[in-house]
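Below is one structure; the comments refer to it alone.
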Amino acid sequence: MKLKILVGTMTGTADYVAQAIQMDCADLVDEIEVLMMDGLDIHAFGDASEQGLLHLICTSTYGAGDVPDNARALYESLDAQPRYLGHVRYGVIALGDSAHQQTFCFGGKKFDERLQDLGAQRVGEVWCHDASSGTMAEAEGTAWCHEWLARAIAAA
Ligand SMILES: Cc1cc2nc3c(=O)[nH]c(=O)nc-3n(C[C@H](O)[C@H](O)[C@H](O)COP(=O)(O)O)c2cc1C
């Protein structure tokens, strides 16, 4: 099984999380690819021929509950170039800050909503990290990913 992590970030935290997962979870899957979302569109989710591929959206939240700038093109392409994504199994790491009560982790949650609309199948729940919690997103995200991957592999 291959894991493709798609990173949406403004100040790098989501990228640190993805890189920590790439190092820490290397022995759980055949390959882990980390891709910044810049310049990507819906084709990043591949097609039905890519069966053993698992996607992980790893994104923060900006503005008033928006996806980061580098994630905008990919996110908007899910509306602008919609197609059935029934072959896609994915998870979501949503970074946010509970100081933004009304829009907590909306970046990741928005991706999740749109992917579900297009028929993609989420494995597990959306995992949210709160920057106000005082915990390290890298350490917690890696621990979450271990469990998430075990679940995804068992269900494959
Ligand atoms: C200007 C600004 C706006 C933000 N807006 C939100 C928001 O609406 N909801 C939320 O949950 N977090 C919000 N955040 C918090 C970030 O998503 C959080 O700090 C995250 O860990 C940053 O990750 P990054 O370095 O990968 O971009 C905001 C942060 C900044 C600086």
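One-based numbering, in listed order, for ligands and for the atoms of each.
For ligand 1 and L95, the ligand atoms under 4.0 Å from any heavy atom of the residue are 17 (O), 21 (O). Taking every heavy atom of A14 and a limit of under 4.0 angstrom, the matching atoms of ligand 1 come to 26 (O). Listed by number with element, the atoms of ligand 1 under 4.0 angstrom from any heavy atom of T11 are 24 (P), 25 (O), 27 (O). Of all atoms in ligand 1, listed by their number and element, those nearer than 4.0 Å to a heavy atom of S60 are 17 (O), 20 (C), 22 (C), 23 (O), 24 (P), 26 (O), 27 (O). For ligand 1, the atoms closer than 4.0 angstrom to any heavy atom of G65 are 8 (O). Near F104, with a cut-off below 4.0 Å to any heavy atom, the atoms of ligand 1 are 11 (O). Near T13, meaning under 4.0 Å from one of its heavy atoms, ligand 1 places the atoms 23 (O), 24 (P), 25 (O), 26 (O).
Annotation: side chain of I5 is in contact with side chain of I32 (closest heavy-atom distance under 4.5 Å). Contact check for L149 versus V29: side-chain heavy atoms found under the 4.5 Å cut-off.
Contacts between C105 and ligand 1, counted as non-hydrogen atom pairs separated by less than 4.0 Å, involve the backbone only.
Considering backbone and side-chain atoms alike, G12 places an N or O below 3.5 Å from some N or O of ligand 1. For a threshold of 3.5 Å applied to N or O pairs, the pair formed by G8 and ligand 1 contains no separation below that value. Among the atoms of M10, some N or O lies under 3.5 angstrom from an N or O of ligand 1. Here's the thing with T103: one of its N/O atoms is less than 3.5 angstrom from an N/O atom of ligand 1.
Inspection of the T61 and H100 side chains reveals no N or O donor paired with an N or O acceptor under 3.5 Å. Looking only at atom types and distance, the side chain of T9 has no donor-acceptor partner in the side chain of D15 under 3.5 Å away. For T142 and D24, the side-chain atoms include no donor-acceptor pair closer than 3.5 Å.
For atom 19 (O) of ligand 1, the closest heavy atom belonging to the protein is A131 CB, 3.9 Å. The protein atom (non-hydrogen) at minimum distance from atom 14 (N) of ligand 1 is T61 O, 3.2 Å.
The aromatic rings of H129 and W127 sit tilted, their planes meeting at an angle between 30° and 60°.
Between D117 and R114, at least one side-chain nitrogen of the basic residue sits less than 4.0 Å from a carboxylate oxygen of the acidic one, meeting the salt-bridge criterion.
Counting non-hydrogen atoms of other residues, nucleotides and ligands closer than 6.0 Å to CD of E33 gives a total above 12.
Relative to atom 24 (P) of ligand 1, the option among V7, D97, T9 with the closest non-hydrogen atom is T9.
Under a 4.5 Å side-chain heavy-atom criterion applied to ILVMFWY residues, the cluster that includes F104 comprises that residue alone.
At least one heavy atom of Y62 sits under 4.0 Å from some atom of ligand 1.
Taking F111 as the reference, Y75 meet the ring pair (Phe, Tyr, Trp, His ring centres under 6.0 Å) condition, with sequence neighbours excluded.
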